[in-house]
Amino acid sequence: MQKTILLLLLLFHANATKAQNETITKSGDIIEYALPAIALGSTFIWNDDNTKPNWQFLKAYGTGLIIQRSLKQIISKPRPDGSNNYSFPSGHTTSAFSGASFIQKRYGWKYGIPSYIIASFVGYSRIQAKKHDGWDVAAGALIGISTSYFFTKRYENKKIEISLNKNNEGQSLCLQYTF
């Protein structure tokens, strides 16, 4: 009787672990696109017209995608799970880190740290799913970060502007606050 109960518990644990692994994998699949979508969406909300932030994002993301796809074809490394798809570098990780590093470079570390943590989860999910190893994920992260850093300019939120103006009666100090 005890052996039967132990066997049932082991089977239940194996099914629960499999379900948990599938949840991690699916979450990584969603975040791969959600993080860059949030980064792109932010460019429409906080748009300083002279830097064209949406164009910056598209250049960074597109360049990362081209580099990542090209390296997959050139290197042709098989995946750890034995499937025929190419493994090096991780496209999921390139995508997630492209979004995270765009957010960090544009808006600062306050938003960058959570973004990088979320992007790191995507890398973990790819290793856990046996689609990539650590080198694949590290290379994907490096590509995403590098391309975003190359194309992204910091968001300048100038709320307070101080100017000194000359007029007929002398000079005036002007303080302007923009909402």
In terms of hydrophobic clusters joined by side-chain contacts under 4.5 Å, are Tyr149 and Phe102 together? no
Do Tyr111 and Ile118 sit in the same hydrophobic cluster, where Ile, Leu, Val, Met, Phe, Trp and Tyr count as joined when their side-chain heavy atoms come under 4.5 Å apart? yes
Answer with yes or no whether the hydrophobic clustering places Tyr124 together with Ile117; edges join I, L, V, M, F, W, Y residues whose side-chain heavy atoms lie under 4.5 Å apart. no
What distance do Glu32 atom CD and Ser98 atom OG have between them, rounded to the nearest 0.5 Å? 11.0 Å
Measuring from Thr63:OG1 to Phe151:CZ, what's the distance to the nearest 0.5 Å? 3.5 Å
For Ala119 against Ala100, the heavy-atom pair lying closest together: CB-CB, 3.9 Å
Verdict with supporting geometry, Tyr61 and Ser148, side-chain contact (heavy atoms from CB on, under 4.5 Å): CA-CA 7 Å; Tyr61 192 79; Ser148 286; over 6 Å; no
Arg126 and salt bridge (charged side-chain N to carboxylate O under 4.0 Å, His left out): which partner among Asp133, Asp29, Asp81? Asp29
What pair of heavy atoms forms the shortest contact from Arg154 to Gln104, and how long is it? NH1-O, 4.2 Å
Kindly give the heavy-atom pair with the smallest separation between Ile103 and Ala39, and that separation in Å. CG1-CB, 3.8 Å
d(Trp46 CH2, Arg106 CZ) to nearest 0.5 Å is 10.5 Å
Atom of Ala60, atom of Thr147 and distance for their closest heavy-atom approach: O-OG1, 3.2 Å
When you compare the side chain of Phe44 with that of Pro53, does any pair of heavy atoms fall below 4.5 Å? no
So, taking the atom named NZ in Lys105 and the one named OG in Ser115, what distance separates them when rounded to the nearest 0.5 Å? 15.0 Å
Atom pair OG/CD1 of Ser90 and Ile143 - distance to nearest 0.5 Å: 9.5 Å
Per side-chain contact (heavy atoms from CB on, under 4.5 Å), Pro89 is matched among Leu142, Asp136, Val137, Leu71 by Leu71
So, does Ser95 use its side chain to make a donor-acceptor pair with the main chain of Gly91 at under 3.5 Å? no
Hey, does Tyr116 have a side-chain heavy atom less than 4.5 Å from the side chain of Phe97? yes
Smallest heavy-atom separation, Ile31 atom then Pro36 atom, equals O-CD, 4.0 Å
At what distance, to the nearest 0.5 angstrom, does OG1 of Thr43 lie from CG of Leu58? 7.5 Å
Is there a path of hydrophobic side-chain contacts, each under 4.5 Å between heavy atoms of I/L/V/M/F/W/Y residues, joining Tyr33 to Leu40? yes
Are Trp135 and Tyr86 in one and the same hydrophobic cluster, where Ile, Leu, Val, Met, Phe, Trp and Tyr link if side-chain heavy atoms are under 4.5 Å apart? no
Heavy atoms, side chains only, cut-off 4.5 Å: are Ser87 and Pro80 in contact? yes
